[in-house]
Amino acid sequence: MKYKSLVLAAFLCIASLISAQPKYIFYFIGDGMGIVPIIAATELNRTVYNGEKPLTMTQFPVSGFCTTYSANSTITDSAAAGTALSTGYKTVNGMLGVTPDSTAVYSMANVLKDNGYGVGVVTTVFADDATPGAFYAHVPSRAQVYDIDCQFIDGKVDFLAGANLKGMTDKEGNPTDIAKKYEANNIKVVYSLDELAKVDKKAVNKVVLLEPNPFNNSNVGFTIDSIPNMLTLPQMTQACLDHLMVTSPDKFFMMIEGGNIDHALHGNDAGTAIKEIYKFDEAVKIAYQFLQQHPDETLIVITADHDTGGMVIGRDGKYYADFNAIERQTLSKDQLSLDCRAMLLSRTRTTWEDMQTYLCTKLGFWSDVKLNDKQTERLHNLFDKTFSNANEINDDKTLYSSFMGFAVEVFRVLDEVSRIAWTTGGHSGNAVPVFAVGKGSEIFSTLNNNTEIPEKILKVAGYNLH
Ligand SMILES: [Zn+2]
């Protein structure tokens, strides 16, 4: 009898080990976060911070790569990449949650929700943008933001956070009926953490947390600009975790997107992108602390949907790079451009000396960051042209921003000093990194196709994606 019960106990123990699946899954997507900006962040830590600010994600025990090509191109956009990372299907650039023939395909969030998991989706960009949308919507074009917002109502996401919803207003800026539709469906929309704290989590159908004043009309605001009271990715991640711990404490899935990493990289703004990666890593830390409290029940997987900017460390035949110049940067290229436009339109004339003082304060130019005579002359000449003749603004438009020509030249000089180069203002076809830790994480340590990432996460959790 004693022997029998021992055998039974051993069997139960082994069975529980075999069947133990992660109850808590954190899926981080750094939009545009290729390996080079991550290595730039680690080099900033090594050479400037003396190793005192290591990234958490790069210390995870499992790492691998992920290919990013879409159904129609080596270079994907965020809609096709988001579809691959959420549904396991490749599609054509611009299409979201559908195959190339417009057939709706369902995200891993659906499978998990149908198996009792709570679902949260968090981003620093619009909450109906491509990557978050890929977890709940199915539209032939990512531009159909109103349709994406409507599909959220019956979608499987319980908690959504980001920089407002594009579909809340029409092309003329007038409110659509989305707010009313959400209210009618007991979906509570809040615009601050204070408001969120007052929500009875169990009484509402879903919660949407939004930043009411998106920076430059595209994201919650860049970390480097220190915008007062803006929602941050760690705050939204914590809010989502707190919500799910009340509504689905037994098991949940969260997708957390660092969307403004992509926006900074589209602008070829290295310092801003690196600071965003550090902020993204703070959100990773929240998940990692949770894992330490639930070590046998948690899986964290981090990847990117694609590389943006084709960033390179090293240029001009020189064997050094200067991360001090990147650390000294205290504002984004977007903010610099906004400031310069304001100076141009101001009734008070801005002199070259004023501009030098400004660039010295914000970027350390001519003090901590040395410029050669040619670089100074280039800036001075363009300043004279721009500020004496307001017609010569030479705007440089990227996907999310429109930079004033003078601001672009300032950042060209900054890149020359720090020895950073870029191959594109769009995306590249470079592979992206994968970092993982926790229950079942070993299977990510390979060159993954992006469609395999959701399949593997579900496999570890004991489910099939298709
Ligand atoms: Zn992008």
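Both ligands and their constituent atoms are indexed starting at 1 by order of listing. Model, not experiment: these values are computed from the prediction.
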Quick check on the Zn ion (ligand 1): does H263 put an N/O/S atom closer than 2.8 Å to it?
no

For a distance under 2.8 Å, tell me if H306 has an N/O/S atom near the Zn ion (ligand 1).
no

To the nearest 10°, how many degrees is the angle H266 NE2 to the Zn ion (ligand 1) to H427 NE2?
90°

With under 30° as parallel and over 60° as perpendicular, where do the rings of Y89 and H466 fit, or are they tilted in between?
tilted

Check whether any N, O or S atom of D262, backbone or side chain, sits closer than 2.8 Å to the Zn ion (ligand 1).
yes

Which of parallel (below 30°), tilted (30 to 60°) and perpendicular (above 60°) describes F135 and Y27?
perpendicular

Is the F222 ring parallel, tilted or perpendicular to the F215 ring (thresholds 30°, 60°)?
perpendicular

Could you label the plane-to-plane angle of the Y288 and F60 rings as parallel, tilted or perpendicular, counting under 30° as parallel and over 60° as perpendicular?
tilted

